[in-house]
Amino acid sequence: IFGQSAGAGMVDFYSFAYADDPIASGFIEMSATIYGFPALTAEETNNRWFHVTDLVGCGNATSDPVAVSDCMVNKTVDEILAGYDPANVPFNPSPYGPVIDDELVFSSYLNRTAAKGGYLIGNTHNEAGIFKLGQVHNESYWTDFNDRLYTCADVVRIEQSIADGNPTWRYRYFGDFPNLVLTTTPPSGAYHTADLYPLFNTVNQTLLAS
């Protein structure tokens, strides 16, 4: 099974959730692991959800949850984003995701064993290249972003996989092609999702003006 970004995270969560019967013999995780993007507690998820619903005008934690959901479904993307508050619901790491239930999603993975099989785990050289488009931070922030959420988190997961006796490979994608550039100031480099275009043969074949 294979996934990229949130999909890679789901592959990783799956490998632990169904460790004894994975119905898969190989796991490819591109640009996310459980250590870069860990599961959230139910309290964290509820707090973030109801913070946004309250700002959007759909009620809060004391409201009827069905009514809140129905209201949110009928809001436009612009209405939701207008009420979004990054100070309390951070974009990085992801504000929402799998929630700990200690049945399929666990509070700790350090002492757990994932499914047996081959693992290919890696990331692009500059994951932050695409995230910079919507957020303003200094370069030290983005260096930490790349290392903490991707490169170093991958190391932890890979070392665990090796310790479990699984054939494990690591990759790092450096592809930086003119027809995939997002920005030049600063350079977008090999950004998050940049490896998907050549993988699926969907690269823009129109040469850029010189």
Side-chain angles (χ1 to χ4, degrees), residues 1-45 90-131 140-176 180 188-202:
I1 55 177
F2 146 81
Q4 189 271 343
S5 192
M10 295 312 297
V11 169
D12 215 7
F13 281 112
Y14 180 94
S15 73
F16 285 94
Y18 299 99
D20 296 329
D21 186 23
I23 322 178
S25 58
F27 306 85
I28 300 175
E29 302 171 19
M30 298 175 63
S31 297
T33 66
I34 55 172
Y35 295 116
F37 298 89
L40 299 171
T41 65
E43 182 181 9
E44 285 177 300
T45 299
F91 283 108
N92 300 316
S94 300
Y96 303 106
V99 178
I100 295 167
D101 62 4
D102 281 320
E103 293 183 17
L104 295 178
V105 180
F106 305 101
S107 56
S108 175
Y109 287 87
L110 289 174
N111 296 315
R112 303 195 72 87
T113 301
K116 293 298 182 183
Y119 285 79
L120 175 62
I121 300 170
N123 57 283
T124 66
H125 180 60
N126 185 36
E127 299 278 355
I130 195 169
F131 297 100
S140 62
Y141 173 93
W142 292 117
T143 298
D144 174 73
F145 176 93
N146 283 327
D147 290 343
R148 181 167 47 87
L149 302 185
Y150 297 97
T151 305
C152 297
D154 286 1
V155 171
V156 176
R157 182 65 184 93
I158 288 164
E159 289 181 343
Q160 181 180 23
S161 182
I162 293 170
D164 288 341
N166 292 312
T168 307
W169 294 265
R170 182 181 189 180
Y171 76 88
R172 186 81 170 271
Y173 183 79
F174 290 86
D176 184 5
L180 289 177
S188 52
Y191 53 87
H192 188 73
T193 73
D195 47 353
L196 292 180
Y197 301 103
L199 178 64
F200 289 108
N201 195 28
T202 57

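Note that this is a predicted model, so its numbers are computed, not measured.
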| task | Report the distance from atom CG of D101 to atom OG of S107, rounding to the nearest 0.5 Å. | result | 10.0 Å
| said: Any heavy-atom pair between the side chains of F37 and L149 that's under 4.5 Å? | reply: yes
| Validation row: T151, R172 side chains within 4.5 angstrom (heavy atoms) | yes
| query | Around D102, counting heavy atoms of other residues, nucleotides and ligands shown, do more than 12 lie under 6.0 Å from its CG? | reply | yes
| If you look at every heavy atom in D164 and A114, which pair is closest and at what distance? | OD2-N, 3.9 Å
| task | Kindly give the heavy-atom pair with the smallest separation between L40 and E44, and that separation in Å. | result | CA-OE1, 3.5 Å
| Atom CZ in F27, atom OG1 in T168: separation rounded to 0.5 Å? | 11.0 Å
| request: Output yes when a side-chain donor or acceptor of T202 lies under 3.5 Å from a complementary backbone atom of P198, and no otherwise. | output: no
| note | Note: A190 and G175 closest approach over all heavy atoms is CB-O, 3.3 Å
| query | Is the distance between the ring centroids of Y173 and Y191 less than 6.0 Å? | reply | no
| message | Please tell me whether F106 and F16 form a close aromatic pair, meaning their ring centres lie under 6.0 Å apart. | response | no
| said: To check you understand the geometry: which heavy-atom pair defines the closest contact between M10 and P98, and what is its length? | reply: SD-CG, 3.9 Å
| request: Go through the steps to decide whether M30 and V11 satisfy the test side chain to side chain contact (heavy atoms under 4.5 Å, CB included), and finish with yes or no. | output: CA-CA 10 Å; M30 298 175 63; V11 169; over 6 Å; no
| note | So the salt bridge (charged side-chain N to carboxylate O under 4.0 Å, His left out) pairs with at least one residue in residues 2-18 (sequence neighbours excluded) are D12-R157
| said: Would Y109 and Q160 count as a side-chain hydrogen bond (donor to acceptor under 3.5 Å, both in side chains) here? Give the steps. | reply: CA-CA 10 Å; Y109 287 87; Q160 181 180 23; over 6 Å; no
| note | Between W169 and the options L120, I158, I121, the side chain to side chain contact (heavy atoms under 4.5 Å, CB included) test singles out L120
| said: Using every non-hydrogen atom in the two residues, find where G9 and A32 come nearest and quote the distance to one decimal. | reply: N-CB, 3.8 Å
| query | Do H125 and N146 have side chains that get closer than 4.5 Å, going by heavy atoms? | reply | no
| remark: Here the gap from Y18 atom OH to I1 atom CD1, rounded to the nearest 0.5 Å, amounts to 10.5 Å
| request: Please round to the nearest 0.5 Å and tell me the distance separating atom CG of D154 and atom CD of E159. | output: 11.0 Å
| field | Whether S31 side chain and Q4 backbone form a donor-acceptor pair below 3.5 Å | value | no
| request: Work out which heavy atom in S15 is nearest to a heavy atom in Y119; give both atom names and the distance. | output: CB-OH, 3.5 Å
| task | Would you please classify the geometry between the W142 ring and the F145 ring as parallel, tilted or perpendicular, with 30° and 60° separating the classes? | result | perpendicular
| request: Report the distance from atom CD of E29 to atom OH of Y171, rounding to the nearest 0.5 Å. | output: 9.5 Å
| query | Just how far is it from atom CZ of F174 to atom CG of N126, taken to the nearest 0.5 Å? | reply | 10.5 Å
